[in-house]
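See below for the structure under consideration.
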Amino acid sequence: MDDSESPAPTNRYPASDEWHAVDRYFASTLLEEDGVLTEARRSGAVTTMPNAEVAANQGAFLSLLVKIADAERVLEFGTLAGYSTIWFARAVGENGHVVTLEIEPDNAAVAESNFRTAGVADRIETIIGPAAESAAQLMSDCVEPFDLVFIDADKPNNPVYLAAALDLTRPGSVIVIDNVVRDGAVVDSDSADPRVHGVRRVVEEIVANPELEATALQTVGEKGWDGLIIAFRR
Ligand code: DHB
Ligand code: MG
């Protein structure tokens, strides 16, 4: 294949050395990614989506959101190796509870091993199966509402996960959606990428829902160019 047939680069503004250096600077000053988290990050390499976990400063951001919102119950769509799950489990404290939904049993096994190493396995429930089905089960079980929901699974299903999150939260809850910028692809209304459609459709649903007040933040760093939606349920 000659150059003209090469796939378009996915990152038009490649993650620069400076982005990495800045992430490393803050990860080594403001935050603490301890050995347990570093190992959980490394173990992401053996999951079905290597390198998809949040960066350390993003994990710390999620942890701060939990604390600012005084959240004790967190629901996560998409576990992989459980890196963000450990940040959540630490943030909710020993009386808190985290439910994390993972479709791949092998990923869940990696995550559960990380939870035991982190000493937080007792406050995390990992549910294996398609996240939409697991969430539907939580709804039919009428579980207590969650204070914070992190949507970070297969992107085409974002609208399904938002609908579930609305069913499983209360006014005052926080909903965070990962990977909404995708190297800027989010602005392409003609994108053929179903993950971009999943983001754009969830944005439309948020806009159409008077119960939700939301914003989006772009991020650069070790994870390239991406971003998060943060929504508050009025
Ligand atoms: C993708 C998913 C993620 O959760 C992530 O953090 C990065 C990329 C993806 O679907 O491409
Ligand atoms: Mg993600």
Side-chain angles (χ1 to χ4, degrees), residues 7-15 19-20 23 27 33 37 40-66 74-89 91 98-104 106-108 110-111 114 126 130-132 134-135 148-162 164-165 174-188 191-203 214 216-231:
T10 55
N11 194 337
R12 289 182 295 119
Y13 301 91
W19 292 0
H20 287 255
D23 267 4
E33 183 184 81
L37 283 168
R41 168 182 305 295
R42 290 211 182 106
S43 73
V46 301
T47 67
T48 48
M49 283 202 66
N51 208 35
E53 65 282 335
V54 298
N57 51 5
Q58 295 164 349
F61 175 71
L62 295 171
S63 162
L64 284 168
L65 279 184
V66 166
V74 172
L75 173 63
E76 177 178 64
F77 289 80
T79 314
L80 293 176
Y83 179 82
S84 47
T85 327
I86 294 173
W87 279 101
F88 284 131
V98 179
V99 177
T100 186
L101 312 180
E102 173 56 47
I103 192 168
E104 288 290 341
D106 290 349
N107 295 344
V110 173
N114 289 329
T126 308
S134 303
L148 186 144
V149 177
F150 183 46
I151 299 177
D152 189 24
D154 51 311
K155 312 311 172 189
N157 270 325
N158 274 345
V160 175
Y161 301 148
L162 176 68
V174 177
I175 299 171
V176 182
I177 308 175
D178 198 22
N179 312 114
V180 299
V181 173
R182 316 202 63 86
D183 294 329
V186 66
V187 297
D188 180 6
S191 172
D193 184 339
R195 297 168 300 182
V196 172
H197 281 273
V199 174
R200 292 181 63 93
R201 281 191 38 228
V202 89
V203 168
L217 295 177
Q218 300 189 65
T219 55
V220 296
E222 285 172 353
K223 299 291 163 172
W225 178 21
D226 215 329
L228 299 159
I229 284 175
I230 299 140

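Start at 1 with the first residue, then count along the sequence. Note that ligands are numbered from 1 as they come in the structure, with each ligand's atoms numbered from 1 the same way. Heavy-atom basis, side chains included; hydrogens, waters and symmetry copies ignored.
- Nearest protein neighbour of atom 7 (C) of ligand 1, counting heavy atoms only, is Asn179 ND2, 3.3 Å.
- Closest heavy-atom approach to atom 4 (O) of ligand 1 within the set Asp183, Asp193, Asp152, Asp154: this belongs to Asp152.
- Side chains of Gln58 and Tyr83: no donor on one and acceptor on the other come within 3.5 Å.
- Each of the following atoms of ligand 1 lies closer than 4.0 Å to a heavy atom of Arg195: 10 (O), 11 (O).
- Looking only at side-chain heavy atoms (C-beta outward), Val220 and Asp23 stay at 4.5 Å or farther from each other.
- Residue contacts with ligand 1 for Lys223 are absent, since no atom lies close enough (heavy atoms, distance under 4.0 Å).
- The two residues Val110 and Ala81 make their nearest non-hydrogen contact at CG1-CB, 4.0 Å.
- In this structure, Ser84 and Phe150 approach most closely via the heavy-atom pair OG-CE2, 3.9 Å.
- Distances from the Mg ion (ligand 2) to each N, O or S atom of Asp178 single out OD2 as the nearest.
- Distances shorter than 4.0 angstrom do not occur between any heavy atom of Glu53 and any atom of ligand 1.
- Contact detail for Val196 and Val186: the closest heavy-atom pair is CG1-CA, 4.1 Å.
- Among all non-hydrogen protein atoms, the one lying nearest atom 9 (C) of ligand 1 is Arg182 NH2, 3.2 Å.
- Protein heavy atom in closest approach to atom 6 (O) of ligand 1: Ala52 O, 2.7 Å.
- In terms of distance to the Mg ion (ligand 2), the nearest N, O or S atom of Asp152 is named OD1.
- Contact annotation: Asn179 places an N, O or S atom under 2.8 Å from the Mg ion (ligand 2).
- Nearest heavy atom pair, residue Tyr161 against residue Ala132, reads CE2-N, 3.7 Å.
- Taking atom 2 (C) of ligand 1 as the reference point, the nearest protein heavy-atom neighbour is Lys155 CE, 3.3 Å.
- In Asp178, the part holding a heavy atom less than 4.0 Å from any atom of ligand 1 is the side chain.
- Between His20 and Gly221, the shortest heavy-atom distance links the atoms NE2-O, 4.5 Å.
- Short contacts between ligand 1 and Met49, defined as distances under 4.0 Å to a heavy atom of the residue, involve ligand atoms 1 (C), 2 (C), 9 (C), 10 (O).
- In this structure, CZ on Arg41 lies 4.5 Å from CD on Glu33, to the nearest 0.5 angstrom.
- When every heavy atom of Ala135 is checked against every heavy atom of Phe77, the shortest pair comes out as CB-CE2, 3.9 Å.
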